[in-house]
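Input: a single structure, listed below in structure tokens.
Every chain is numbered from 1 and lettered A, B, ... according to where its sequence line falls, protein lines coming before strand lines. Just so it is clear, the structure is predicted and the values come from calculations on it, not from any experiment.
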Amino acid sequence: MLRTGCRIEKKTRFEASNRRKDEAIVNAIEPDITPELAAAHGLKPDEYARILALIGRTPSFTELGIFSAMWNEHCSYKSSRLHLRKLPTKAPWVIQGPGENAGVIDIGDGLACVFKMESHNHPSFIEPFQGAATGVGGILRDVFTMGARPVACLNLLRFGAPEHPRTRHLVAGVVAGIGAYGNSFGVPTVGGSTNFDKSYDGNILVNAMAVGIAKANEIFYAKASGVGNKVVYLGSKTGRDGIHGATMASAAFDADAEAKRPAVQVGDPFTEKLLLEACLELMQTGAVIAIQDMGAAGLTSSGVEMGAKGNLGIALDLDRVPCRETGMSAYEMLLSESQERMLMVLDPAKEREAEAIFRKWGLDFAVIGETTDTLRFTVTHRGQVKADLPIKELGDTAPLYDRPHIPSPKQAPIDPASIAAPIPHAEALARLIATPDLCSKRWIYEQYDHLILGNTVQAPGGDAAVIRIGDGPKGLALTTDVTQRYCQADPFEGGKQAVAEAWRNLTAVGARPRAITDNLNFGNPEKPEIMGQLIACIEGIGEACRALDFPVVSGNVSLYNESSGSAIAPTPAIGGVGLIEDVSLTASLPFKRPGETILLIGETAGWLGRSLYLREICGCEIGAPPPVDLAAERRNGDFVRGLIASQTVTAVHDISDGGLAVALAEMAMAGAIGASIEISPSLPTPGFLFGEDQARYVVTAAPESAAAIRDAAERAGVACEIIGATGGDTLTLSAGTAILLDDLALANEAWLPRYMAQSHS
Amino acid sequence: MNAAIILFPGSNRERDAIRAIEKVTGKKPSLVWHGETALPAGTDLVLLPGGFSYGDYLRCGAIAARAPVMDAVRAHAARGGLVLGICNGFQIMVEAGLLPGVLMRNANLRFVCRMQHLTVERNDTPFTSHYAKGQVIKVAIAHGEGNYEADAETIRRLEGDSRVAFRYSNARGVIGGGANPNGSTNAIAGIYSENFRVLGLMPHPENLIDPLVGGIDGRGLFEGVAGFTRAA
């Protein structure tokens, strides 16, 4: 960079004139508070009336901003709260359920697993790189705020149709953004789920999950305590970025989505890494009484939450907030969503020690207020009281809606015998394996550092990721799942299926599924049919969680996922965590050696409704999705887990999208070993090969163990049949239709890189 | 072996390196903060770990190369001490003038993390005596800027002096084509200083020390260094 005197002088003059301008803005008379201004803040007339009734006067401009931040859908869950109560959240191993920064479960040996998933959908559509990056940053902060060191990240991505002109650009940006943040921060991104559907053309989904490990007796919470304790601001400086980010997340997109770019935050993973190390170091000193990260609605939300949870007031002096730019107003400071910031209440005796730690890491440390016994959230700036609001009521009296809802119309099941194969099975399989949904996602996960920390036992590409905890032998299995085409056709069964599939994926590596985090992505809840989808999905999730002892410990709701009036498919993403007692006794999906027996576990009815086969090969999306028999799910899963624990099976893969044929192809490609399969004579073949019946697994075993497995299955009431053997360099689905493995693998690997290499149109 | 791991703000594979050294040598390395001006007395090996020092915001390694502790590292190298730079550590080394060349953005402009085969070019150095010459090892790579470049004269000299430590290859040891993950000249994955006491490499041997987690092909490097310091 040129450093001439002339340039510096010019710059100073420029800054000075800017400062004058800024001061003028701050000192300018704030806008009159009118119902129109309230409406522009996303507050409905009845909500504005509620504010007037609550405080008994017209709110100040700053206060209006605070209400808009606290009462938007994103922060208040006003449309979903009523229904979320139906979810099971308790189990003997749950330490902390929903309501804190993240959920916490006991994993034994004095350790706890802290995890949560959260969406960053709207920002990622507007600015994919920064939107996705800050989504990762936000969820990592949620986890280490609780005292846990992050050990893994996952994500669930949903993009529009590949042929949509924006899709390629969004894939490239989102993947690069997730990688840039996680890689620099130093957490392995070990798993995820990515697919494409035209319902996401104008509203993609970027859901990020973070998982951390903490000592079970050293979990930190947001609840403040003690009157007169210092409220301390830590981390990055506050700028004008992300103002009204949470409000943006609570409205549907229309044609002016691009204009909302300034509401997207900018991420700095380097500072976040420093913040992590500084926070964990500080927590060791015993100085931290309460801690809350500044996420959605920044300083407002974190301040109010800490006070309200602790039955205390909070008084903030904004003149002491470290700012990146001059002349920021109280309104802007309170609503800024600048990243990498924390709010803490510290033990006054240890303030010096705390400050030294933050200075060492080069981070801002500023006392910006204190706890009070007034139960009010007061904010002063330049000698003026800018806000003075009842702190409990800000959260507690947020609107709660029982919105009108209508159920989705039931779809009739498809008779498998009515589906004739339009093309030979081998060709259908080759085509399926190369579709955007089923192709290898290597192009994506190779951009994520999935090996850092040296504990990745099973990398992306399997049913669930497996990471070792510390030096082992324990480990965690992690997965993210949802099948939105099932949810679209039947939200209740789809909700059940999302949970069951997560449970099945964890089981398939040998883990005991323990708990989930959910990320409910839906359209506009003010439309009864969308509200109906949301309620049915929640009920389906609840039913599956109860049947599988798989409680919800944290979650996020993302509504208004619409563009120009068109909603996304209902997408209740499930992030599952399972516990592994010994990571050396897990299973993986590649075929291990030729000459082994292949067994199919679970009942096969040949269910083709809403299958990928129907969509991709027959060109229709019809029928009811496969029902989930939760009792069978549990029985079959427990049986498979037992086989893994006793090391009776050599490879395990659950059967999901694309059915048995795709599962076999994935096992064969991963192991570079072929197989030949006998097609069941009792079933129409497309249904047998490509049906998506639930609660099923493919396992392999030494031929001499196969009969014993079948007998044990029979005793356990589990359907189990021997369907073929591994070996050779082809996959043979029935005599005469052999497909070369190399051809399959080539097709499977080729689609995504080829698609991404095409020029941006 | 007394190892010292230098910590920069933004280092993030230091834990992996600590664990590798501890597992292989049984001795915990000391951690040295970037603001220090001296190394612990008796340091045998200085390790510059992977990560994103200073966020890699200016140019990878450029700011870390100017950290106070780097004078002590350079002095250690000048005395003939061992220095190992991994990934960001390698990038810091070239910025600090400890090794020649530069590390540019990967040829396809994307970060890449995968298991990668390397050929061990020679096994008569302090770092590689536990490998066979020409052995193919499998280690992890995880970088966005690992594309090694230098002017033609430097490359000629590096090759002429056999200072290339590792090259990217496929499982059979064949170099070139898709086996080169980042476009590095001559598939160079790591290079030595003139006295072979300083090694910089992009791959992560510290992540390959356990059969359960990818394999143990990285152990040899740490075993080699430990053996060398014992003998010295």
Exercise. Give a yes or no answer on whether the side chain of Arg468(A) reaches the backbone of Leu212(B) with a donor-acceptor pair at less than 3.5 Å.
Key: no

Quiz item: So, do Asp449(A) and His204(B) sit near enough that their side-chain heavy atoms are less than 4.5 Å apart?
Solution: no

Quiz prompt | Proximal component of Tyr54(B), with respect to chain A [non-hydrogen, under 4.5 Å] | solution = both

Self-check item: Part of Leu451(A) within contact of chain B (heavy atom distance under 4.5 Å)
Solution: both

Quiz item: With respect to chain B, which residue among Leu453(A), Val466(A), Thr586(A), Leu274(A) yields the maximal number of heavy-atom pairs within a distance under 4.5 Å?
Solution: Leu453(A)

Quiz item: Which of residues 136-144 of chain B get closer than 4.5 angstrom to chain A, counting heavy atoms alone?
Solution: Ala140(B), Ala142(B)

Self-check item: Within 6.0 Å of CZ in Arg59(B), more than 12 heavy atoms from elsewhere
Solution: no

Quiz item: Is it true that atom CZ of Arg324(A) has more than 12 heavy atoms of other residues, nucleotides or ligands lying nearer than 6.0 Å?
Solution: yes

Quiz item: Taking only heavy atoms into account, what residues of residues 177-187 of chain A are found under 4.5 Å from chain B?
Solution: Asn183(A), Ser184(A), Phe185(A), Gly186(A)

Self-check item: From CG (Asn108(B)) to CE (Met756(A)), nearest 0.5 Å
Solution: 12.0 Å

Quiz item: Under 4.5 Å between any side-chain heavy atoms of Lys360(A) and Trp33(B), yes or no?
Solution: yes

Quiz item: Who wins among Thr456(A), Asn455(A), Val457(A) for the most heavy-atom pairs under 4.5 Å with chain B?
Solution: Asn455(A)

Exercise. Pick one of side chain, backbone, both or neither for Asp16(B), based on which atoms fall under 4.5 Å of a heavy atom in chain A.
Key: side chain

Exercise. Go through the steps for Arg15(B) and Arg149(A) under the test side-chain contact (heavy atoms from CB on, under 4.5 Å), then give the verdict.
Key: CA-CA 12 Å; Arg15(B) 292 164 168 271; Arg149(A) 180 172 283 278; 2.8 Å; yes

Self-check item: Among the listed options Asp471(A), Val583(A), Val175(A), the residue most often paired with chain B at heavy-atom distances under 4.5 Å
Solution: Asp471(A)

Quiz item: Quick one: does Phe270(A)'s side chain get under 4.5 Å of Pro9(B)'s, heavy atoms only?
Solution: yes

Practice problem: Answer with side chain, backbone, both or neither: which region of Asn88(B) has an atom nearer than 4.5 Å to a non-hydrogen atom of chain A? | Solution: neither

